[in-house]
Number of protein chains: 2
Amino acid sequence: MSNEQAMQQYDVKKYVTPDGYTADIAVFTILSTKADMFKPPVMDLHIMLIKRSMTDSEGRPNIEAGKWALPGGFVAHTETAFQSAARELKEETGVENIHLEHFGVYDTPGRDPRGWIISNAHYAIVPEYQLSGRQANDDASEVELFSVKEVLNLDLAFDHARIIEDAIAVIRQKLLETTAAKAFLPEEFTYSELQAVLLTVTDDSAIALDAAFARKIKTLPFIQEISGKKTTRTSKKPTQLYRFVDVKVNHSLYHTRKQG
Amino acid sequence: MSNEQAMQQYDVKKYVTPDGYTADIAVFTILSTKADMFKPPVMDLHIMLIKRSMTDSEGRPNIEAGKWALPGGFVAHTETAFQSAARELKEETGVENIHLEHFGVYDTPGRDPRGWIISNAHYAIVPEYQLSGRQANDDASEVELFSVKEVLNLDLAFDHARIIEDAIAVIRQKLLETTAAKAFLPEEFTYSELQAVLLTVTDDSAIALDAAFARKIKTLPFIQEISGKKTTRTSKKPTQLYRFVDVKVNHSLYHTRKQG
DNA sequence: TTAATAGTGTCTCTGAGACACTATCGT
DNA sequence: ACGATAGTGTCTCAGAGACACTATTAA
């Protein structure tokens with residue numbers, strides 16, 4: 001029995017089907033709130049939101065108008081949600097070639113007043129300088145960065161409060177348990193710059209104490225000292241530069257071996 | 001501008017929408033391939049598949065008929081994919097109250113010959129004894145367990161080869177990096193039983209060597225010795241029993257602290 | 001007594017964590 | 001010289017990994 005025969009009898013319209021399939025993107029960036037000469041940075045994790053226009057591109061009243069929301073949009077049937085996320089991010093912000101990852105599906109009945117609409121949530125990690133050219137497009141009247149400390153106080157569209165909450169938990173975990181911090185940093189960075197990134201999501205003393213962290217960074221298998229290369233951008237005393245190297249990091253609960 | 005006004009002008013039928021939304025479940029179980037008296041077990045990780053019927057419930061030729069596939073089915077618009085996975089698993093296998101988790105979305109255009117069909121993949125962890133009552137339902141002509149070592153040699157329906165490959169990678173990671181092994185074990189277990197579970201997905205010497213692992217298990221913060229309680233089911237010498245305890249396990253790359 | 005499993009004794013090595021101390025530079 | 005950042009010296013302690021050794025039981 002071939003699929004061709006089966007297909008002749010299959011009627012795709014017979015069943016209740018979703019009314020839409022969307023991709024939303026939580027774009028994270030880190031802003032240096034203090035960046036004086038010869039000072040280590042102080043950083044704050046931010047998320048980029050858009051303010052939904054009062055009217056849509058055809059001039060009709062918009063759903064959830066005036067509320068803050070994650071950028072995103074409908075997935076075309078010729079692409080995956082992941083591709084759609086990358087495309088929409090590029091269209092809406094001009095940002096491309098960045099770390100983008102799927103982290104969740106939001107399909108609770110009633111989450112969108114327009115009907116049965118399934119959303120795939122992604123997060124993106126973008127260094128500050130890449131967002132300089134951002135601007136609002138047709139469906140958005142404003143684009144703005146909010147500190148993750150206050151973003152949940154906003155009036156958010158749909159179930160985006162929930163999605164953003166999850167996204168923050170995910171990025172926190174990724175920053176601490178993977179080498180994702182790399183995406184927030186320049187190629188070559190000092191221990192205090194990596195430390196500042198990590199301090200946006202934790203206050204653990206092993207990271208917060210300078211002496212401890214300066215020593216620790218030398219033992220991390222995925223970070224390499226760039227021998228002889230130093231900078232004075234964070235202090236008057238020239239500071240050692242490091243870079244990430246691609247090694248598989250195995251952190252099983254049951255053994256601490258570097259890797260095999 | 002209220003959502004009510006916007007909704008009056010919104011036509012849900014205006015856009016191309018998905019033709020279906022499904023949930024698939026990779027049900028994992030561990031079979032003891034050696035379970036003699038006074039012997040530690042030897043285990044093998046298995047995945048449960050169904051063989052797709054030649055005809056559907058209404059007697060017409062079925063899509064991907066005769067091929068092996070993950071159990072699953074269409075999500076109703078009154079439920080989430082996750083709820084659907086739990087429901088279908090219960091309907092198809094009688095199994096409930098188990099560890100079930102979403103791990104991926106499969107939406108590549110063309111993945112299903114019936115049209116634009118999005119699948120949410122889940123994995124389930126089921127102790128061997130819970131699968132004893134399994135039986136094929138209408139859409140399936142057979143239900144069978146396959147070792148993960150050979151399952152990819154089968155003729156698999158749709159893109160299930162890819163999904164299964166991903167599921168195996170996910171469960172491997174979950175077993176080693178979280179306390180998921182708990183779901184394969186009885187409440188009280190010996191070090192060699194936990195060891196046997198882990199050896200289904202790794203051959204690392206720190207786990208494979210008895211003396212090393214017997215010592216290691218005592219230092220794991222999420223495992224507790226049941227003081228004074230022993231069993232002889234794995235050896236003639238009475239063996240210490242352990243249980244999992246619920247503690248938050250923090251395994252950041254940047255510090256090894258137990259937790260705060 | 002033997003075979004099999006479940007441990008323990010002891011050694012060496014690495015790294016964590018704490019705290020005091022030194023190093024380097026612009027101003 | 002001072003202030004600020006970036007380290008190092010040194011101690012103690014826990015645990016990893018290796019290997020030899022002991023312990024307990026059924027048969």
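In what follows, chains carry the letters A, B, and so on, assigned in the order in which the sequence lines appear, proteins first and then strands, with residues in each chain numbered from 1.
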Any chance CG of Asp246(A) has more than 12 other-residue heavy atoms, nucleotides or ligands included, within less than 6.0 Å? no

Taken in chain and number order and not counting sequence neighbours, the residues that satisfy side-chain contact (heavy atoms from CB on, under 4.5 Å) with Leu199(B) are Gln195(B), Ile207(B), Ala208(B)

Straight-line distance of Ile171(B) CD1 to Ile47(B) CD1, nearest 0.5 Å: 8.5 Å

Specify the separation, in whole Å, of atom CD1 of Ile217(B) and atom C1' of dT5(C). 15 Å

Please tell me whether Asp166(A) and Tyr106(A) have a donor and an acceptor in their side chains that are separated by less than 3.5 angstrom. yes

Relative to each other, are the rings of Tyr254(B) and Phe222(A) parallel, tilted or perpendicular (30° and 60° limits)? perpendicular

From CZ of Arg233(A) over to P of dG26(C), roughly how many Å is that when rounded to an integer? 16 Å

Considering residues at least two apart in sequence or located in another chain, which fulfil the side-chain contact (heavy atoms from CB on, under 4.5 Å) criterion with Ala85(B)? Ala23(B), Ile25(B), Leu100(B), His122(B)

Which of residues 234-241 of chain A have a heavy atom under 4.0 Å from DNA chain C? Lys236(A), Lys237(A), Pro238(A)

Classify the nucleic acid contact of Ser192(A) as base, sugar-phosphate or nothing, counting any heavy atom under 4.0 Å across all strands shown. sugar-phosphate

Taking only residues two or more places apart in sequence, or in another chain, which ones meet Arg87(B) in a side-chain contact (heavy atoms from CB on, under 4.5 Å)? Glu79(B), Ser84(B), Glu91(B)

When rounded to whole Å, the CG to P distance for the pair Asp210(A) and dA4(D) reads 14 Å

N/O (side chain, Tyr191(B)) to phosphate O (OP1/OP2, dA6(C)) under 4.0 Å: yes

Between CG of Leu220(B) and P of dG15(D) the distance, given in whole Å, is 11 Å

Whole-Å distance separating the CZ atom of Phe213(B) from the P atom of dC19(D): 20 Å

Select from Met37(B) and Tyr242(A) the residue whose nearest nucleotide in DNA chain D is closer to the 5' end of that strand. Tyr242(A)

Dump every N/O contact between nucleotides 8-11 of chain C and the protein below 3.5 Å, one line per pair.
from: dT8(C); atom 1: OP2; to: Lys218(B); atom 2: NZ; distance (Å): 2.3
from: dG9(C); atom 1: N7; to: Arg215(B); atom 2: NH2; distance (Å): 2.8
from: dG9(C); atom 1: O6; to: Arg215(B); atom 2: NH1; distance (Å): 3.1
from: dT10(C); atom 1: O4; to: Arg215(B); atom 2: NH1; distance (Å): 3.0

Got a list of side-chain donor-acceptor pairs under 3.5 Å for residues 143-150 of chain A, not counting sequence neighbours?
from: Ser147(A); atom 1: OG; to: Asp44(A); atom 2: OD2; distance (Å): 3.2
from: Ser147(A); atom 1: OG; to: Lys149(A); atom 2: N; distance (Å): 3.1
from: Lys149(A); atom 1: NZ; to: Asp44(A); atom 2: OD1; distance (Å): 3.4

Step by step, work out the salt bridge (charged side-chain N to carboxylate O under 4.0 Å, His left out) result for Glu188(A) and Lys229(A). CA-CA 9 Å; Glu188(A) 307 185 337; Lys229(A) 199 151 181 199; 3.1 Å; yes

Can you check the Lys39(B) NZ to dA26(D) P distance for me, whole Å? 15 Å

Taken to the nearest whole Å, CG/Asp36(A) to P/dG3(D) is 18 Å

Ser205(B) has a side chain; which of dG7(D), dA18(D), dT27(C) sits nearest to it? dA18(D)

Within this structure, what is the NZ-to-C1' distance between Lys216(B) and dA6(C), rounded to whole angstrom? 18 Å

